[in-house]
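Naming: A, B, ... by sequence-line order, numbering from 1 per chain.
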2 protein chains.
Amino acid sequence: MANLRKAPTMLDVARAAGVSPMTVSRAFKPGAMVNDQTRARILAAADELGYVFDSTASSLRSQKTDFVAVTIPSLNNANFADTVGALTEGLKPRGLQILLGYTNYDIIEEERLIAQFMRRKPQAVIVTGGQHTPRTRDLLRNAAIPIIETWDLPQDPLGHVVGFSNAQAVQAMVDHFVSCGMTRIAFIGGDADRDTRGLDRRRGFMAAMQRHGLDDTRLIAAGPPPISMREGADSMCQLLDNAPDTQAVICVSDLSAFGALSACQRRGVAVPGQISIAGFGNYEVGDICVPSITTIDPSPRRIGELSAELLSAALDGRLTEPVCHEISPRILLRESSV
Amino acid sequence: MANLRKAPTMLDVARAAGVSPMTVSRAFKPGAMVNDQTRARILAAADELGYVFDSTASSLRSQKTDFVAVTIPSLNNANFADTVGALTEGLKPRGLQILLGYTNYDIIEEERLIAQFMRRKPQAVIVTGGQHTPRTRDLLRNAAIPIIETWDLPQDPLGHVVGFSNAQAVQAMVDHFVSCGMTRIAFIGGDADRDTRGLDRRRGFMAAMQRHGLDDTRLIAAGPPPISMREGADSMCQLLDNAPDTQAVICVSDLSAFGALSACQRRGVAVPGQISIAGFGNYEVGDICVPSITTIDPSPRRIGELSAELLSAALDGRLTEPVCHEISPRILLRESSV
DNA sequence: CCTGTGTATGTTAACGTTATCATATAAGTC
DNA sequence: GACTTATATGATAACGTTAACATACACAGG
């Protein structure tokens, strides 16, 4: 079954089609100047021989890999998956292929990944978040390729940015609850050093509470990321035990919010009657569950689309200055809050 | 910021360290024979110059890319993400890098992806499912590299297999419900040609119902994949309207099962009092929600781990024959079924 | 002292493609 | 009919690395 003779190269195809290797090369490059009939003859010969174009050799010679390196904190997260999905669609027309890696919310692991990716000579790099190790920053800066940081508004950007302020988004949610007359509001998650977006969200919560002159110490630690439903449920149990008079709780994500909701249901705590719940991320579960969960929609697909557009512009040299594209997350009020 | 002079190569590092390029090459290859001090000197020089190893050139010369191409139906699916996660971990020690692509449950798109991936000369290919276009099969067979098909037990495997029978798994669930005395059982999803695993699950349902001499026509179409919570909820509404005497419903996945559960809750239908619900995949939502959802656990991470082990063996030449590793999905009985 | 063995390094050419330049023919301009 | 312009193809060398082979030296055993 496996073909034992050496795989055919352009030279073999060229001989079979009676042309030079250069013409074969052109035949495989869309838009190159080749006679239509010649091209057809070449492609037929290639097909006949079972020839497969060798991107490795092409990349080496042309110094264009058509790779875009992308890192996300976790593969198993619908938000980041949505961003990557939109990014993939957006880059497909340009023939760019994504090298996807996940960091496990760890900037040391991110450094390892980026170092590995840079060896593949990607034509651009898209990372999640704005916090990186010094070596990661060096590697990216020295590469002289477009860099995009997403899902955040970094203090000192490496290049372009497509993101939003996680802190500000949560502050808006606090404002909403306060405007509903609530004063005893808690926050679940955002306690782990590694999850910088989680930290920002909790910081936003605390800042807003302080601004309103309210108690900002109803913080429930959910442990190291990824924070998912189980952690949300456990945290809610803790909250109900330690601060039963809490009127509303904001969770670091919809997943933990759903876990929190489930914990309430198991304990017979009425949502939103007794306590209001809000999440972050507009995950499907929060839209479907009963009651549906109030959330903040950061438009993950939009982030991917905008990043793809930005990258296209940058690769075409249409960008002279670093661009910062700020997204405005929207609050979606649903059944879990009064 | 961007370094404008040409990026340094091994030759530059060699000059700086006072050795030949070949010694630099060896210094970057773990396990190669280089004097420890020489290596240290070389790595220091490389660091000083900002040298980044060029995998493209290395791959071309050595004919080893250290790429493994992997295709899954959807990025945004915790089951496949788990498999890919375990796969990544398992392949990391070997220095293999995953080229990940998703097919949108479409074998035409799979063909496009595989064709694109083969140009990168991966050292192995792992695909989801056992159904492929003829051209995909040709491309994979002719590549003379290890192939693994997962999440299925193909009729005519391309190479190795790590999977299970989706039909059989659902049959076991039907058997369970029947053993509980139920006779009016429905199935949601598995109607779309594109989702072959969904089709198999529905086929398994029908086969089991026939075997028990029961009505196998309580089938609710959920439309094209991906079938998620929304589709599950809509389908449940249809079921409750058209066959209100149904005693149990098996859903093509936990996501649709959760949607179905939510629909019941909105309509005031007691689960499992009035109707039992079962899903497939052991997604976290089914474990956390109230009531928790009876499901079938296909061990997605195990599939990834086994695939990684199989690949290691195959790449070491320790495998002479194609291997078929069958997983045994387990039924997890939970609160949503009597 | 010779030979064998292991360690450490160097030399040469090649992996398969394409950038670059050169060439050839056809078609349009005045 | 000489002169530009466009179209189509070929020849040559190079991208940055490493496989394969060669070399040099140290040290062991006889």
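Shown for residues 112-123 of chain A: no residue has heavy atoms falling under 4.0 angstrom of DNA chain C.
Looking at residues two or more places apart in sequence or on another chain, you find a side chain to side chain contact (heavy atoms under 4.5 Å, CB included) between B:P146 and B:A124, B:L311, B:A314, B:L315. Remark: B:R112 pairs with B:E109 by the salt bridge (charged side-chain N to carboxylate O under 4.0 Å, His left out) rule, at least two apart or across chains. With sequence neighbours excluded, the residues satisfying salt bridge (charged side-chain N to carboxylate O under 4.0 Å, His left out) with B:R94 are B:D316. Not a single side-chain hydrogen bond (donor to acceptor under 3.5 Å, both in side chains) links A:D195 to another residue, sequence neighbours left out.
Residue pairs that meet the salt bridge (charged side-chain N to carboxylate O under 4.0 Å, His left out) test with at least one member in residues 127-139 of chain A, sequence neighbours left out, are A:E111-A:R135, A:R137-A:D156. Counting only residues at least two apart or on different chains, the ring-ring contact (aromatic ring centres under 6.0 Å, His included) pairs with a member in residues 80-103 of chain A are A:F80-A:W151. Applying the salt bridge (charged side-chain N to carboxylate O under 4.0 Å, His left out) test to pairs two or more places apart or on separate chains, none has a residue in residues 24-52 of chain A. Sorted by first and then second residue, the salt bridge (charged side-chain N to carboxylate O under 4.0 Å, His left out) pairs with a member in residues 54-75 of chain A form an empty list; sequence neighbours excluded.
Contact footprint of chain B on DNA chain C: nucleotides with an atom under 4.0 Å from a non-hydrogen protein atom, first to last in 5' to 3' order, C:dT7 to C:dG16.
When side chains are defined from C-beta on, A:I148 does not count as touching A:V161, because their heavy atoms never get closer than 4.5 Å.
Comparing B:V34 and B:L60 along DNA chain C, the residue whose closest nucleotide (by nearest heavy atom) sits nearer the 5' end is B:V34.
Taking five base pairs at each end of the helix from C:dG4-D:dC27 to C:dC30-D:dG1 and finding the rotation axis that steps the C1' atoms of four pairs onto the next four gives two axes whose angle is 40°, to the nearest 10°.
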Below 3.5 Å is the cut-off: list the nitrogen or oxygen pairs between protein and nucleotides 17-21 of chain D, distance only.
from   : atom 1 : to    : atom 2 : distance (Å)
D:dT17 : OP1    : B:Y51 : OH     : 2.2
D:dT17 : OP2    : B:M10 : N      : 2.6
D:dT18 : OP1    : B:S58 : OG     : 3.2
D:dT18 : OP2    : B:S25 : OG     : 2.2
D:dT18 : O5'    : B:S25 : OG     : 3.4
D:dT18 : O2     : B:R61 : NH1    : 3.4
D:dA19 : O4'    : B:R61 : NH2    : 3.0

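The main-chain N or O of A:V34 is never found under 3.5 Å from a side-chain atom of A:T38 such that the two would form a donor-acceptor pair.
With a 6.0 Å cutoff to the six-membered ring centre and a 45° limit on the axis angle, B:R120 does not count as a cation-pi contact of B:F67.
A side-chain donor from one of B:E149 and B:H132 sits under 3.5 Å from a side-chain acceptor of the other.
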